[in-house]
Amino acid sequence: MRVLVTGGAGYIGSHTVLALLEAGREVGREVAHADGQKTGQTERQAAEPHEITIVDSFVNSSPAVLARLAELSGCEIKFHEFDLTDYQKTLELFQAEPFDAVIHFAGLKAVGESVEKPDLYYHNNIASALSVINAMLKTGVNKLVFSSSATVYGEHTPVPYKEDSGYHLEATNPYGQTKVIIERILNDAANANPGWKVALLRYFNPVGAHESGHIGEDPLGIPNNLMPYVAQVATGRREQLTVHGDDYDTKDGTGERDYLHVSDLAQGHVKALDHLEHQQEPARAYNLGTGQATSVLEMVEAFRRASGQAIPFTVGPRRAGDLATAYADPTRAATELGWRAEKTVDEMCADTWRWQSQNPKGYTP
Ligand code: NAD
Ligand code: WQD
């Protein structure tokens, strides 16, 4: 398939580009005896890999990732640098290249920044999604995989989160609201346009890095999220971790989350893309998580074991807006997409450490 990957220079996009190029598509082929009689068995066979075009503005990523992707995959990857809020440029690209499908990762994602600059988040995330949708409509592209988030379950949905929990989607911050709104826009667009197939992938907490250690998460400035912060403490770039509260009603009092390896998440996109043509509903949401809850202190201990480094921490107050526990019911992705997260928390920590210790300043030389 010819796939446009928006935000493909970012953390999850870059791992997904590699997964798409590495895997190709596995298809079943019926096995026959030498005389041509069918055996009734099928064998797995790799099909043509996907052809990838990336669009990214580098607002939250580095051009250096492109050379690493080319090196790791051995493939040519077409790339265009522009801001997807520019509809004219987006349309020109769709008119110049005949895409079969789009994976839309591009968006801003820092929760705290979205509270300070809601206009920036609503504009960037929603206008870029609308550019892509309108360009698809204009050029007859009707398959889309969208990066949604577990944040759409808000604070009232009981765990484990199910896609159809009967609770209204909501989010506690402008970033999360953009995901709720774009999900609604995509539902409406898919229902209004026969032939449209949209997968809304609700990610839980992606962590880890490619097993090569050559690509990984490279946050600008001080990391907001647990795993990159812990990794920077382990290299000595940050002095100590602040654990945001240890008085929650959880196994050890610290927050529990559903961490999943970014390479498993990338495979989820490969599966979702392959499944789109068989999807019954015009738009369908899928949780991508492990179904397991890991506490902050368990994660710190796992990282200490994986890295062999001390992870000094102090306990601070709760962080505004944090939930005690959030984890997925990943049954739908397993039964419908044939996807399951396979990597353990120890593997997530080992791969993050390989990336972080080999690239202590991320993509900055
Ligand atoms: P990222 O910031 O590493 O990647 C996003 C990419 O999009 C960046 O390379 C950025 O430069 C690009 N981009 C942003 N706005 C753009 C625009 N207007 N035009 C062109 N490029 C633009 O983030 P990520 O962690 O890889 O997340 C990818 C997607 O998954 C995002 O939509 C994010 O909201 C969503 N998501 C991420 C997480 C997470 O914890 N990382 C969890 C749930 C959902
Ligand atoms: C995990 C746990 C913190 C940092 C965020 C977004 C969410 C999604 C993923 C995109 C919590 C604790 C953290 C630190 C800590 N992104 N923590 N000290 O909050 O589950 O989700 O990223 O959609 O929308 O909100 O992830 O990694 O920030 O926090 O104690 O320095 O680690 O309190 O319990 P979160 P996180």
Side-chain angles (χ1 to χ4, degrees), residues 5-16 54-63 65-66 80-86 89-90 103-112 114 120-121 123-129 131-132 146-153 171-173 175-176 178-179 182 201-207 216-220 222-230 232-233 238 240-246 248 250 253-260 262 265-266 269 288-289 293-297 299-300 313-327:
V5 181
T6 74
Y11 172 47
I12 305 168
S14 57
H15 288 80
T16 302
I54 295 176
V55 170
D56 206 298
S57 64
F58 298 127
V59 63
N60 194 42
S61 51
S62 161
V65 77
L66 299 174
H80 303 272
E81 180 178 350
F82 66 88
D83 188 324
L84 286 153
T85 60
D86 185 333
K89 282 200 179 137
T90 308
I103 307 185
H104 183 50
F105 291 104
L108 297 173
K109 63 165 183 177
V111 170
S114 82
L120 173 68
Y121 273 67
H123 177 68
N124 186 75
N125 291 3
I126 295 173
S128 55
S131 283
V132 169
F146 173 61
S147 298
S148 189
S149 166
T151 194
V152 301
Y153 291 110
T172 53
N173 55 75
Y175 160 72
T178 69
K179 296 297 180 191
I182 296 166
L201 303 185
R202 297 178 180 160
Y203 315 154
F204 282 68
N205 289 61
V207 297
E217 188 170 14
D218 182 19
L220 293 173
I222 301 172
N224 300 306
N225 298 115
L226 179 66
M227 189 65 138
Y229 203 103
V230 167
Q232 292 191 8
V233 172
R238 312 261 160 222
Q240 61 176 11
L241 171 75
T242 303
V243 175
H244 298 320
D246 67 352
Y248 286 105
T250 57
T254 65
E256 294 170 334
R257 295 291 182 275
D258 185 338
Y259 298 95
L260 81 157
V262 66
L265 180 58
H269 291 75
L288 296 186
T294 303
S295 75
V296 175
L297 294 182
M299 194 50 117
V300 168
F313 67 85
T314 54
V315 177
R318 292 181 177 192
R319 186 172 66 176
D322 265 356
L323 301 171
T325 301
Y327 60 98

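First listed ligand is number 1; within each ligand, the first listed atom is number 1.
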Less than 3.5 Å apart, which donor and acceptor atoms pair up between the side chains of residues 222-230 and the rest of the protein, not counting sequence neighbours?
none

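Aromatic ring orientation, H104 versus F146: parallel (interplanar angle below 30°, classes split at 30° and 60°).
Among T6, I126, T90, the single residue meeting the side-chain contact (heavy atoms from CB on, under 4.5 Å) criterion with S131 is T90.
The line from CG of L323 to OG1 of T151 is 8.0 Å long, rounded to the nearest 0.5 Å.
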Assess the residue pair F204 and L288 against the criterion (side chain to side chain contact (heavy atoms under 4.5 Å, CB included)); give the C-alpha distance rounded to whole Å, side-chain angles, the decisive distance to 0.1 Å, and a yes or no. CA-CA 6 Å; F204 282 68; L288 296 186; 5.8 Å; no
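Within the 4.5 Å cutoff, the side chain of N125 has heavy atoms near those of the I182 side chain. Contact annotation: the side chain of L201 approaches that of H269 to within less than 4.5 Å [non-hydrogen atoms, C-beta and beyond]. At a threshold of 4.5 Å between non-hydrogen side-chain atoms, the residues R319 and V243 do not count as touching.
Listed by chain and number, V111, S149, T151, Y175, N205, N224, N225, L226, L241, T242, V243, H244, G255, R257, Y259, V296, R319, D322 each place a non-hydrogen atom less than 4.0 angstrom from ligand 2.
Listed by chain and number, the residues in a ring-ring contact (aromatic ring centres under 6.0 Å, His included) with H15 are Y11 (sequence neighbours excluded).
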Quick check for students: name every N or O atom pair between ligand 1 and the protein closer than 3.5 Å, with distances.
unit_1	atom_1	unit_2	atom_2	d
ligand 1	2 (O)	N60	ND2	2.7
ligand 1	3 (O)	Y11	N	2.8
ligand 1	9 (O)	G10	N	3.3
ligand 1	9 (O)	D56	OD1	3.1
ligand 1	9 (O)	D56	OD2	2.6
ligand 1	9 (O)	S61	OG	2.7
ligand 1	11 (O)	D56	OD1	2.7
ligand 1	11 (O)	V59	N	3.1
ligand 1	11 (O)	N60	N	3.0
ligand 1	11 (O)	S61	OG	3.3
ligand 1	15 (N)	N124	ND2	3.1
ligand 1	18 (N)	D83	OD1	2.9
ligand 1	18 (N)	N124	OD1	2.8
ligand 1	19 (N)	L84	N	3.0
ligand 1	21 (N)	S57	N	3.2
ligand 1	21 (N)	S57	OG	3.3
ligand 1	25 (O)	K109	NZ	2.8
ligand 1	26 (O)	Y11	N	3.2
ligand 1	26 (O)	I12	N	2.8
ligand 1	32 (O)	F105	O	2.8
ligand 1	32 (O)	K179	NZ	2.8
ligand 1	34 (O)	Y175	OH	2.6
ligand 1	34 (O)	K179	NZ	3.1

